[in-house]
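These figures come from a predicted structure and were not determined experimentally. Within every chain, numbering begins at 1; the chains are lettered A, B, ... in the order of the sequence lines, protein sequences first and strands thereafter.
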2 protein chains.
Amino acid sequence: MYCIDDKEFPCSTSLTMRYIGGKWKAVILLHLIEKKRYSELRRECPAITERTLSLQLKELEEDGLVIRTVHTNKAPLKVDYELTEFGKTLIPLLMSIADWGEGAAASDMRIKTSRG
Amino acid sequence: MYCIDDKEFPCSTSLTMRYIGGKWKAVILLHLIEKKRYSELRRECPAITERTLSLQLKELEEDGLVIRTVHTNKAPLKVDYELTEFGKTLIPLLMSIADWGEGAAASDMRIKTSRG
DNA sequence: CTGTATCCTCCAAGATACTG
DNA sequence: CAGTATCTTGGAGGATACAG
């Protein structure tokens, strides 16, 4: 049994999902394997709305998985995001997640693949 | 770009999360690495409500990850669940998810661990 | 450029009672 | 034993406009 902020997690699996679950967190983390500017991230993930991307990044930062760096305070702002050491421990898992999805696309006939 | 039932997934990562995302699916799948009776599953996952367990199992079945077998139609019913061959391709990933959670519990000081 | 602020919708999931 | 049926709700996530 694990707890974070009075929320309970009965096993380590549910605990992991607390960090990378949700619709977009794993996607964002995977993109951040390479350090990125905020605008790069947005361009690479057009399916994620601005608000959601911003909120998820803040949560990832609070969870200690991602670090945000501001390089200048004068406009135009320059901010980038990268994985912390703790966040980097997720890399093999993130790779496995991406890999499994590719395999699934070949196995599950309900999945339609297109260039998009 | 991938599609299932007119829902769009921009990358393989988001596609995987479609299968194992949500609060409990990965937990259920991990328990089903060994074939289980419905009642066993319930006993082992008391944190999951009956309704949710039932719904998730049905979804996992529709997704081709799990197979449900009814062994008798006369009461008392006997039903068990196990991973399909497709579902078994998730096992290494499920293991990694559980493992990472254990490591996180040791790294993230916000996580309180208890016997429960 | 890098975000917030508002408003809104939808649905995953909980609680509880009931059924073949 | 193995589930459904109802009812409810919190919160994740979308759309869009605005801000430092």
Side-chain angles (χ1 to χ4, degrees), chain A residues 4-10 13-14 17-29 31-32 35-63 66-82, chain B residues 4-10 13-14 17-29 31-32 35-63 66-82:
Chain A
I4 305 179
D5 305 331
D6 295 346
K7 302 258 178 144
E8 301 184 349
F9 303 88
T13 301
S14 62
M17 297 312 283
R18 152 70 178 69
Y19 285 84
I20 66 166
K23 197 168 176 182
W24 297 118
K25 273 192 181 158
V27 174
I28 294 169
L29 287 167
H31 278 88
L32 289 181
K35 174 161 53 167
K36 293 244 162 67
R37 296 280 299 273
Y38 178 77
S39 50
E40 291 183 272
L41 213 43
R42 282 197 54 192
R43 233 179 302 117
E44 294 175 8
C45 307
I48 312 181
T49 64
E50 211 160 312
R51 175 197 133 93
T52 297
L53 179 57
S54 185
L55 283 177
Q56 302 292 286
L57 283 169
K58 194 172 288 183
E59 286 185 22
L60 292 171
E61 200 187 351
E62 286 167 3
D63 287 344
V66 157
I67 182 143
R68 174 178 179 273
T69 311
V70 183
H71 289 284
T72 166
N73 283 316
K74 321 153 200 156
L77 281 192
K78 184 176 172 183
V79 177
D80 53 32
Y81 292 87
E82 61 190 312
Chain B
I4 305 180
D5 305 331
D6 295 346
K7 301 260 176 142
E8 301 184 348
F9 303 89
T13 301
S14 62
M17 297 313 283
R18 152 71 177 71
Y19 285 85
I20 65 165
K23 197 167 176 182
W24 297 118
K25 273 191 181 161
V27 174
I28 294 171
L29 287 167
H31 277 90
L32 288 181
K35 173 161 52 168
K36 291 246 163 67
R37 296 282 298 273
Y38 178 77
S39 50
E40 292 183 274
L41 212 44
R42 282 197 55 194
R43 233 178 302 118
E44 293 174 8
C45 308
I48 312 180
T49 64
E50 212 160 312
R51 176 197 134 90
T52 298
L53 178 57
S54 185
L55 283 176
Q56 302 293 285
L57 282 169
K58 194 172 287 181
E59 286 185 24
L60 292 171
E61 199 187 350
E62 285 167 3
D63 286 344
V66 156
I67 182 142
R68 173 178 179 274
T69 311
V70 183
H71 289 285
T72 165
N73 283 318
K74 319 153 200 156
L77 282 190
K78 185 176 170 181
V79 177
D80 53 33
Y81 291 88
E82 62 190 313

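Using a 4.5 Å heavy-atom cutoff, the side chains of B:L41 and B:I48 are not in contact. Counting heavy atoms from C-beta on, the side chains of A:R68 and A:Y81 come closer than 4.5 Å. For the pair A:Y19/A:L29, no side-chain contact is recorded, criterion being any heavy-atom separation below 4.5 Å from C-beta on.
Atom pair B:K36:NZ and D:dC1:C1' shows a separation of 18 Å (rounding to whole Å applied). Remark: P of C:dG3 and NZ of A:K58 are 9 Å apart, rounded to the nearest angstrom. The distance between atom NZ of A:K74 and atom P of C:dT2, rounded to the nearest whole Å, is 16 Å. The separation between B:L55 atom CG and D:dT6 atom C1' is 13 Å, rounded to whole Å. Rounded to a whole Å, the NZ atom of B:K23 is 8 Å from the C1' atom of C:dG14. We find that CZ of A:R68 is positioned 10 Å from P of C:dT2, with the value rounded to whole Å. A straight line from CZ of B:R43 to P of D:dC1 spans 8 Å, rounded to a whole angstrom. Atom OH in B:Y19 sits roughly 19 Å away from atom C1' in C:dA12 (whole-Å rounding).
More than 12 heavy-atom neighbours from other residues, nucleotides or ligands sit within 6.0 angstrom of CG on B:L77. Counting non-hydrogen atoms of neighbouring residues, nucleotides and ligands closer than 6.0 angstrom, the CD atom of B:E40 exceeds 12 such neighbours.
Counting non-hydrogen atoms under 4.0 angstrom, B:Q56 reaches the backbone sugars and phosphates but no base. Residue A:K25 is classed as having no contact, given no heavy-atom separation below 4.0 Å to the nucleic acid.
For B:W24, counting side-chain heavy atoms from C-beta on, the closest listed nucleotide (C:dG14, D:dC1, C:dT2) is C:dG14. For A:K7, counting side-chain heavy atoms from C-beta on, the closest listed nucleotide (D:dG14, C:dT4, D:dG11) is D:dG11. With D:dT4, C:dT4, D:dA5 as the choices, the nucleotide that has an atom nearest any side-chain atom of B:E50 turns out to be D:dT4.
OP1 or OP2 of C:dT4 has at least one side-chain nitrogen or oxygen of A:S54 nearer than 4.0 Å. Contact annotation: B:T52 does not reach the phosphate of C:dA13 (side-chain N/O to OP1 or OP2, under 4.0 Å). A:S39 has a side-chain polar atom (N or O) that falls below the 4.0 Å cut-off from OP1 or OP2 of C:dT2.
The base of D:dG13 sits within donor-acceptor range of the side chain of A:R51, with an N or O pair under 3.5 Å.
Residues B:A75 and A:Y81 both approach DNA chain C. Their nearest nucleotides, taken by heavy-atom distance, put A:Y81 toward the 5′ side.
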